[in-house]
Amino acid sequence: MTASTDGYVPGVCNIGRAEVRWRKLMAWIGFACALGLWGFFAYMKTPPQTRLWVAGPALLGAIGFLQAARGFCVKYGLGGVFNVGPEVGRTEAVVQAEARARDRRASLVIIAQAILIAGLAGLAAYAVPV
């Protein structure tokens, strides 16, 4: 697996610094929303099953942090594009089929990891007595 001259590496890195900063911002927003929702549920003394909703914003946070840590965007990986340039949202197509397949696999791994993390966050919100 070799890197192209622009920094894109199939299945490993499909976003640059600007996109990583954006993923981190979204991650912190998701994390803050999960904590805020859990705090609200605790304050309102909601039933444990209601507190499982914390998993929703936790999923946003987990996907954001995982994407930022890996330098890899799930949406871009599934869509067959990449952006390692200085501008957020300006993508280029991934031409090789093998590279697109690697990107799809990497995207699915990140999604699975994020679902696991969000599920654990939801279960923690469920289990912690309020």
*What pairs with Pro47 under side-chain contact (heavy atoms from CB on, under 4.5 Å), at least two apart in sequence or on another chain?*
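Partners of Pro47 under the side-chain contact (heavy atoms from CB on, under 4.5 Å) test: Gln49, Thr50.
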*How would you list, by chain and number, every residue that makes a side-chain contact (heavy atoms from CB on, under 4.5 Å) with Leu59, sequence neighbours excluded?*
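Applying side-chain contact (heavy atoms from CB on, under 4.5 Å) to Leu59 gives Ile63, Ala114, Ile115, Ala118.
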Testing the basics here: between [X] and [Y], what is the closest heavy-atom pair and its distance to 0.1 Å?
X: Cys33; Y: Pro57; answer: CB-CB, 3.7 Å
X: Ala58; Y: Ala121; answer: CB-CB, 3.7 Å
X: Ala68; Y: Val20; answer: O-CG1, 3.8 Å
X: Gly64; Y: Ala27; answer: C-CB, 3.5 Å

*Between CG of Leu60 and CZ of Phe31, what distance do you get to the nearest 0.5 Å?*
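Separation between the atoms: 12.5 Å.
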*Can you list every salt bridge (charged side-chain N to carboxylate O under 4.0 Å, His left out) pair that touches residues 32-50, not counting sequence neighbours?*
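Output for this query is empty, none listed.
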*side chain to side chain donor-acceptor pair (under 3.5 Å) partners of residues 23-42, not counting sequence neighbours, each pair once*: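 For residues 23-42, and leaving out neighbouring residues, the side chain to side chain donor-acceptor pair (under 3.5 Å) pairs sorted by first residue read Glu19-Arg23.
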*For residues 103-126, which residue pairs qualify under side chain to side chain donor-acceptor pair (under 3.5 Å), counting only residues two or more places apart or in two chains?*
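Listed by first then second residue: Tyr8-Asp103.
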Would you say [X] and [Y] are hydrophobically clustered, going by side-chain heavy atoms of ILVMFWY under 4.5 Å?
X: Val54; Y: Met44; result: yes
X: Ile111; Y: Ile117; result: yes
X: Phe72; Y: Leu78; result: yes

Does the side chain of [Y] come within less than 4.5 Å of [X]'s, by heavy atoms?
X: Ile15; Y: Phe82; answer: no
X: Arg70; Y: Ile110; answer: yes
X: Tyr76; Y: Asn83; answer: yes
X: Val94; Y: Asn14; answer: no
X: Arg51; Y: Phe41; answer: yes

*Could you give me the CA-CA distance, side-chain angles and deciding distance for Val74 and Gln67, then say whether side-chain contact (heavy atoms from CB on, under 4.5 Å) is met?*
CA-CA 7 Å; Val74 167; Gln67 289 179 116; 3.6 Å; yes
*How is the hydrophobic cluster of Leu116 composed, in terms of its other members, when Ile, Leu, Val, Met, Phe, Trp and Tyr link through side-chain heavy atoms under 4.5 Å apart, directly or indirectly?*
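Hydrophobic cluster check, Leu116: joined to Leu120.
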